[in-house]
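Taking it in order: structure first as structure tokens, then the write-up.
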There are 2 protein chains.
Amino acid sequence: MIELSKAEFEVLDAVWLGYPATASEVIARLSDNKEWHEKTIKTLLSRLVKKGALSFEKQGRQYNYTPCIAREEYTLKESQSFIERFFNGRIAPLVSGFAKSEQLSQHDIDELKKVIDDWEKQQK
Amino acid sequence: MIELSKAEFEVLDAVWLGYPATASEVIARLSDNKEWHEKTIKTLLSRLVKKGALSFEKQGRQYNYTPCIAREEYTLKESQSFIERFFNGRIAPLVSGFAKSEQLSQHDIDELKKVIDDWEKQQK
DNA sequence: ATTAATTGATTACGCGTGTAATCTTAACTT
DNA sequence: AAGTTAAGATTACACGCGTAATCAATTAAT
């Protein structure tokens, strides 16, 4: 699995918002939330390319970046390893922890029910 | 929040198995699964103390280590920040990702249903 | 009482990460 | 055509982490 740092993931996330994307576009997208220097973001883009998370095509003197992996795929892998490390690979204890500490809203519960529902239909 | 590295967490996890615990006990507990050198584990214990995750009392020339935080508390915080980073703070998409990729067993589903059930009773 | 052993403390060291600054070169400007 | 930008490449640097080895001191053994 490609291992990304927190900062690298945030940059990749900005690319996932719409791609191909130039560095300037990524920088613009991130400028709302983060106080990152332009140079910092470019460094992170380079590291993402080096790690095989982004590919690019030259377009004049700019690069057009495209993710090499889907967000769902990446987050699934991360979720798996997270749940493995903290909950022995089982997902219910995580949800249960949220429930116990009142982190769940009715909306969350409804969504979870739907997920379960869909899963059961799938099994049928 | 106390920030622990992966290795630090694994050592703390071994302390949670039963405490107070001496370094030797922790080393023994970890020896089954990990190939860590004794010195490495002691370094990690020290770092956990420095970070405020473990406290200790001298007992002869050994230390008796005790966690300063509960496992549930720590994993909940970690879960929150994980879900925040990857799923905008919502838990259903995580579960949904597992479902879609066939990572869920009937057992998991049953557990999740129970969590939901308990939550709803709580609300009543 | 010395010596040996064991425990925690201190030091080590290369790699990844966050955070940029500087360098180089290709593309606009005039 | 020459100068000026601006984009990416390269370099920088301190700190955390994984992974121990060495140092110091106190207890246990003889």
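The basis for the numbers below is simple: all heavy atoms, side chains too, and nothing from hydrogens, waters or symmetry mates. To find a chain, count down the sequence lines: A is the first, B the second, and so on, and within it residues start at 1.
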Rounding to an integer number of Å, can you tell me how far [X] [atom1] sits from [N] [atom2]?
X: B:K6; N: C:dT17; atom1: NZ; atom2: P; result: 12 Å
X: B:E57; N: C:dT7; atom1: CD; atom2: C1'; result: 17 Å
X: A:L54; N: D:dG8; atom1: CG; atom2: P; result: 12 Å
X: B:L45; N: D:dG18; atom1: CG; atom2: P; result: 13 Å
X: A:R61; N: D:dA9; atom1: CZ; atom2: P; result: 14 Å
X: A:Y65; N: D:dA7; atom1: OH; atom2: P; result: 11 Å
X: A:E8; N: C:dG16; atom1: CD; atom2: C1'; result: 9 Å
X: A:F56; N: D:dG8; atom1: CZ; atom2: C1'; result: 9 Å

Counting any heavy atom closer than 4.0 Å, what does [X] reach on the DNA or RNA strands: base, sugar-phosphate only, or nothing?
X: B:S5; value: sugar-phosphate
X: A:T43; value: base
X: B:K58; value: nothing
X: A:K51; value: sugar-phosphate

Is B:E3 salt-bridged to B:K77, going by a charged N under 4.0 Å from an acidic O?
-> no
How long is the gap from CG on A:D118 to NZ on B:K100, to the nearest 0.5 Å?
-> 9.5 Å
Mapping A:E3 and B:Y63 onto DNA chain C by nearest heavy atom, which one lands closer to the 5' end?
-> B:Y63
Given DNA chain C, 5'-ward residue of the pair A:L4 and A:H37, judged by closest heavy atom | A:L4
The side chain of [X] lies closest to which of these nucleotides: [options]?
X: A:L44; options: C:dT19, D:dT5, C:dA5; answer: C:dT19
X: B:K42; options: D:dT27, D:dA6, C:dG8; answer: C:dG8
X: A:Q62; options: C:dT7, C:dT19, D:dA7; answer: D:dA7
X: B:W36; options: D:dT19, D:dA21, D:dA7; answer: D:dT19
X: B:K39; options: D:dA12, C:dA5, C:dA9; answer: C:dA9

Can a donor-acceptor pair under 3.5 Å be found between the side-chain atoms of B:S46 and the base atoms of C:dA9?
-> no
Side-chain donor or acceptor of A:R47 under 3.5 Å from a matching atom on the base of C:dG18?
-> yes
Report the relative orientation of the aromatic rings in B:F82 and B:F87; use parallel for angles under 30°, tilted for 30 to 60°, perpendicular for over 60°.
-> tilted
Specify whether A:Y74 and A:F9 have parallel, tilted or perpendicular ring planes, treating 30° as the upper limit for parallel and 60° as the lower limit for perpendicular.
-> parallel
List the atom of B:F98, the atom of A:L76, and the distance in Å for their closest heavy-atom pair.
-> CD1-CD1, 4.0 Å
B:K58 and B:N64, any side-chain heavy atoms less than 4.5 Å apart = no
